[in-house]
Amino acid sequence: MMNTANTIEQLKVTWRCPSNIAIVKYWGKHGKQLPCNPSVSLTLNNSYTEVDLSVSPKTGNEDVELSYFFEGERNDAFGKRVAKYLADNIEHFSFLKDHAVEIQSSNSFPHSAGIASSASAFGAIALAMFDVEYQFKGQDIDDAFYQKASNLARLGSGSASRSLFPQFAAWGEINGLEGSSDLYATPVKNVHPIFHNMCDSILIVDDQPKAVSSSVGHGLMKDHPYADARFIQAKKRCSELLEVLESGDMDKFITICESEALTLHAMMMTSKDYYLLVKPNTIEVIDKIFKYREKTGVPVYFTLDAGPNIHVLYPKKYQSDVEDFIKNDLQESCISTIFDHEGQGPMKMNK
Ligand code: PMV
């Protein structure tokens, strides 16, 4: 409801944005949240953040007036991070001049489940903010909307930039991917049917907060002895992965995916302030996956985020075999499992 030319009494939008899992990993950043190497990820479906964002006339005179709630409770710690993020990017949002914002955020997955909640949270916040701005300007949602939101999501959490697109998305400039940029993610469109409907079962082996945050990890790439070689490798692997996605070479896909997971953790183990995020059960599960694949020929493989939990990936065609394998052989090494799969990207909800 509009009361004057530029003030709205109340407007609410709701966006659901999924998390994603990187196949080629982003690790190391520079400048204003720019990646040292490009990355390619798979967007998930069941693991998402939903954000209700309401605007109403301002009551105070702060640049950004924000109330932030997580799962129904006020969360001032994360709220401060989001308020700073909005203040840093205030030039995109004319409505912030006269309006206060309330964000109610909730996740579909348990806290500390090892799922990148910052990716889905910043994705959903960026979409909701631009939706409101577009409504103030009387603009319709178009492709540019998603690109702008991806750019903004990146500034909150790099990996969030990729969550805005269905299936596979790339962030960072990649040889062979037209329109790719370090500023926002680009959807990967030429994907062979063998890679459609990929399943991702997330095995939680440890649900404690991480000992070392991803931002500290990114920072340790600054004077890392292997940094230059790693950035060259990741760039090359992104181009290779795009070719593999197009040609349907599953074996090569598996090699890139698993090697990327181990390379990411090798970077942590070989940085000046070295650290180890994998747990004995992480190794045990990986070993069982190698053996099962060797024995059965089923294309089941793994990747890791910056944590100890294992993403077990496989084509939907093998779902019943792999779920039996998970239940019979892997679940004894984990606390819980989240069964997820490739998703279609974010969704505006009508509430
Ligand atoms: O987006 P950040 O700052 O949380 O970093 C994500 C880093 C990895 O998840 C390890 C890799 C990636 O590309 O998502």
Side-chain angles (χ1 to χ4, degrees), residues 17-44 47 49 78 81-82 85 107 109 111-126 150-165 168-174 180 182-186 188 200 202 209-222 224 227 230-231 233-235 237-238 241 256-269 271 275-278 282 302-311 313 340:
C17 185
S19 187
N20 69 79
I21 179 69
I23 307 297
V24 176
K25 312 289 181 182
Y26 142 62
W27 200 238
K29 57 183 170 181
H30 66 97
K32 213 177 162 199
Q33 194 88 335
L34 295 165
C36 291
N37 65 261
S39 53
V40 179
S41 62
L42 179 73
T43 295
L44 298 179
S47 310
T49 296
F78 197 65
R81 179 172 164 193
V82 176
Y85 162 70
N107 290 344
F109 47 89
H111 197 53
S112 290
I115 294 176
S117 59
S118 59
S120 50
F122 279 105
I125 292 170
S150 175
N151 180 33
L152 182 73
R154 165 187 65 88
L155 293 161
S157 160
S159 54
S161 64
R162 300 181 310 237
S163 271
L164 273 65
F165 302 100
F168 291 94
W171 167 41
E173 227 181 291
I174 303 178
S180 58
D182 286 356
L183 299 176
Y184 44 79
T186 310
V188 175
D200 179 7
I202 306 155
K210 278 187 280 187
V212 181
S213 71
S214 286
S215 39
V216 169
H218 287 295
L220 287 169
M221 288 305 282
K222 283 212 165 75
H224 196 292
R230 164 61 193 155
F231 300 145
Q233 175 194 52
K235 196 166 185 184
R237 280 182 169 166
C238 281
L241 188 70
I256 295 174
C257 180
E258 291 187 338
S259 178
E260 273 296 301
L262 298 181
T263 306
L264 169 70
H265 285 261
M267 290 298 115
M268 299 171 194
M269 294 181 212
S271 53
Y275 61 108
L276 196 63
L277 295 183
V278 289
T282 313
F302 72 91
T303 188
L304 304 167
D305 224 324
N309 302 318
I310 303 119
H311 289 248
L313 297 159
D340 208 338

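Start at 1 and go down the list; that is how both ligands and their atoms are numbered. For the single chain, residues carry numbers from 1 onward in sequence order.
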Only one of Val278, Ile21, Leu277 passes side chain to side chain contact (heavy atoms under 4.5 Å, CB included) with Leu304; say which it is.
Val278

So is Lys29 in contact with ligand 1, going by heavy-atom distances below 4.0 Å?
no

What one should report as the nearest heavy-atom pair of Phe122 and Ala160 is CB-CB, 3.9 Å

Contact atoms of ligand 1, heavy-atom distance to [X] under 4.0 Å:
| X | result |
| --- | --- |
| Asp305 | 8 (C), 9 (O), 10 (C) |
| Ala22 | 12 (C), 13 (O), 14 (O) |
| Gly158 | 1 (O) |

If you measure every N or O of [X] against every N or O of ligand 1, does any of those distances drop under 3.5 Å?
| X | answer |
| --- | --- |
| Ser39 | no |
| Ser157 | yes |
| Asn20 | no |
| Trp27 | no |

At under 4.0 Å between heavy atoms, which part of Arg162 makes contact with ligand 1: side chain, backbone, both or neither?
side chain

Sequence-distant partners of Tyr275, ring pair (Phe, Tyr, Trp, His ring centres under 6.0 Å), two or more places apart:
none

Should one rank Ser215, Gly28, Ser159, Gly172 by closest heavy-atom distance to atom 6 (C) of ligand 1, which comes out on top?
Ser159

Donor + acceptor pair across side chains of Ser47, Ser19 (<3.5 Å):
no

Indicate yes or no for a side-chain donor-acceptor contact from Arg237 to the backbone of Lys25 under 3.5 Å, with no hydrogens or angles considered.
no

Would you say the side chain of Leu241 lies within less than 4.5 Å of the side chain of Val188, judging by non-hydrogen atoms?
no

Going by atom type alone, with no hydrogens or angles, which donor-acceptor pairs under 3.5 Å involve a side-chain atom of residues 26-35 and a protein atom two or more places apart or on another chain?
{"residue": "Lys29", "atom": "NZ", "partner": "Gln33", "partner atom": "OE1", "Å": "2.9"}
{"residue": "Gln33", "atom": "NE2", "partner": "Arg154", "partner atom": "O", "Å": "3.1"}

